[in-house]
Amino acid sequence: MAVETSNCGAAGWISDRQGYRYSSIDPLSGHLWPAMPPAFGELATKAALAADFAGFEPDACLINRYAIGAGMGLHQDRDEQDFTAPIVSVSLGLPARFRFGGLSRSDPLQSVLLQHGDVVVWGGESRLAFHGITPLRTGDHPLTGSCRINLTFRKAR
Ligand code: MD6
Ligand code: FE
């Protein structure tokens, strides 16, 4: 089951024939990504600060929409330039089980149920930790219906 993706901010995460990369242009529209709404950037900066990462100024907000049955396999977020900046993840809509491990794929995993409104910040020693989302279970959320939306804020460049 696929996750549908979009972006806002100066940099967007795309996949095309050349593979995965950050691009300032939306390949579907040929235009720049929409600007990151100031409230989004402020939320990410404040959440990072609350986790002791001062001065986080994301230039990318990945928007992922998970349908029922969609998940994301264990992976590292390692295509950003600056690993001193954390990742801030905001969960909306249906709950999902977030699995969070260590720097090796085979490290033990913690499992956390992310509910509507939950924010996760990871950085420092954990910046390159493996993580993933187990396939979404059937449900109906009053705000999003039968999906989950995840925003991840990064400093891509
Ligand atoms: C989540 N998302 O959906 C975790 N990583 O809670 C991710 O780990 C993620 O949404 C890379 C690209 C997009 C993502
Ligand atoms: Fe990720």
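Fair warning: this is a prediction, and the values are worked out from it, not measured in the lab. Whatever order the structure lists them in is the order used to number ligands and atoms, beginning at 1.
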> Starting from atom 9 (C) of ligand 1, what is the nearest protein heavy atom, named by residue and atom, and what distance separates them?
Met72 SD, 3.5 Å
> Taking both backbone and side-chain atoms of Trp122, is any N or O found less than 3.5 Å from an N or O belonging to ligand 1?
no
> Restricting to N, O or S atoms of Asp77, which is nearest to the Fe ion (ligand 2)?
OD1
> What are the two closest heavy atoms between Arg148 and Ser91, and how far apart are they?
NH2-OG, 2.7 Å
> Please check if atom CZ in Arg157 has more than 12 non-hydrogen atoms from other residues, nucleotides or ligands closer than 6.0 Å.
yes
> Kindly confirm or rule out an N or O of Arg148 lying under 3.5 angstrom from an N or O of ligand 1.
yes
> Under 4.0 Å from a heavy atom of Tyr66: give me the atoms of ligand 1 that qualify, with their elements.
1 (C), 2 (N), 3 (O), 10 (O)
> Can you find an N/O atom of Thr152 closer than 3.5 Å to an N/O atom of ligand 1?
no
> Mind checking whether Asp77 and Arg127 have side chains closer than 4.5 Å, heavy atoms only?
yes
> Do you see a donor-acceptor pair shorter than 3.5 Å between the side chains of Ser89 and Asn150?
yes
> Heavy-atom contacts under 4.0 Å between Thr5 and ligand 1: side chain, backbone, both, or neither?
neither
> Carefully, step by step, assess Leu62 and Leu151 under the rule side-chain contact (heavy atoms from CB on, under 4.5 Å).
CA-CA 6 Å; Leu62 282 63; Leu151 310 175; over 6 Å; no
> For the hydrophobic clusters of this structure (ILVMFWY residues joined by side-chain heavy atoms under 4.5 Å, transitively), does one cluster hold both Val3 and Ile149?
no
> Would you mind running through ligand 1 and noting each atom that sits below 4.0 Å from a heavy atom of Asn150?
1 (C), 2 (N), 3 (O), 4 (C), 6 (O), 10 (O)
> For ligand 1, which atoms, with element, lie under 4.0 Å from some heavy atom of Leu62?
12 (C), 13 (C)
> Under 4.0 Å from any heavy atom of Ile133, which atoms of ligand 1 are there?
1 (C), 3 (O), 4 (C), 6 (O)
> Tell me: protein heavy atom nearest atom 13 (C) of ligand 1, and distance?
Asn64 OD1, 3.6 Å
> If hydrophobic clusters are built by linking Ile, Leu, Val, Met, Phe, Trp and Tyr wherever their side-chain heavy atoms come under 4.5 Å apart, do Ile133 and Ile68 end up in the same one?
yes
> Take the Fe ion (ligand 2) as the vertex and measure to NE2 of His75 and NE2 of His131; round to 10°.
90°
> Work out whether the distance between some heavy atom of Arg154 and some atom of ligand 1 is less than 4.0 Å.
yes
> Under the side-chain contact (heavy atoms from CB on, under 4.5 Å) criterion, do Glu80 and Tyr22 qualify, and how do the steps go?
CA-CA 8 Å; Glu80 298 74 30; Tyr22 282 100; 2.6 Å; yes
> For atom 5 (N) of ligand 1, what's the nearest protein heavy atom and its distance?
His75 NE2, 2.9 Å
> Relative to the ring of His141, is the ring of His116 parallel (under 30°), tilted (30 to 60°) or perpendicular (over 60°)?
tilted
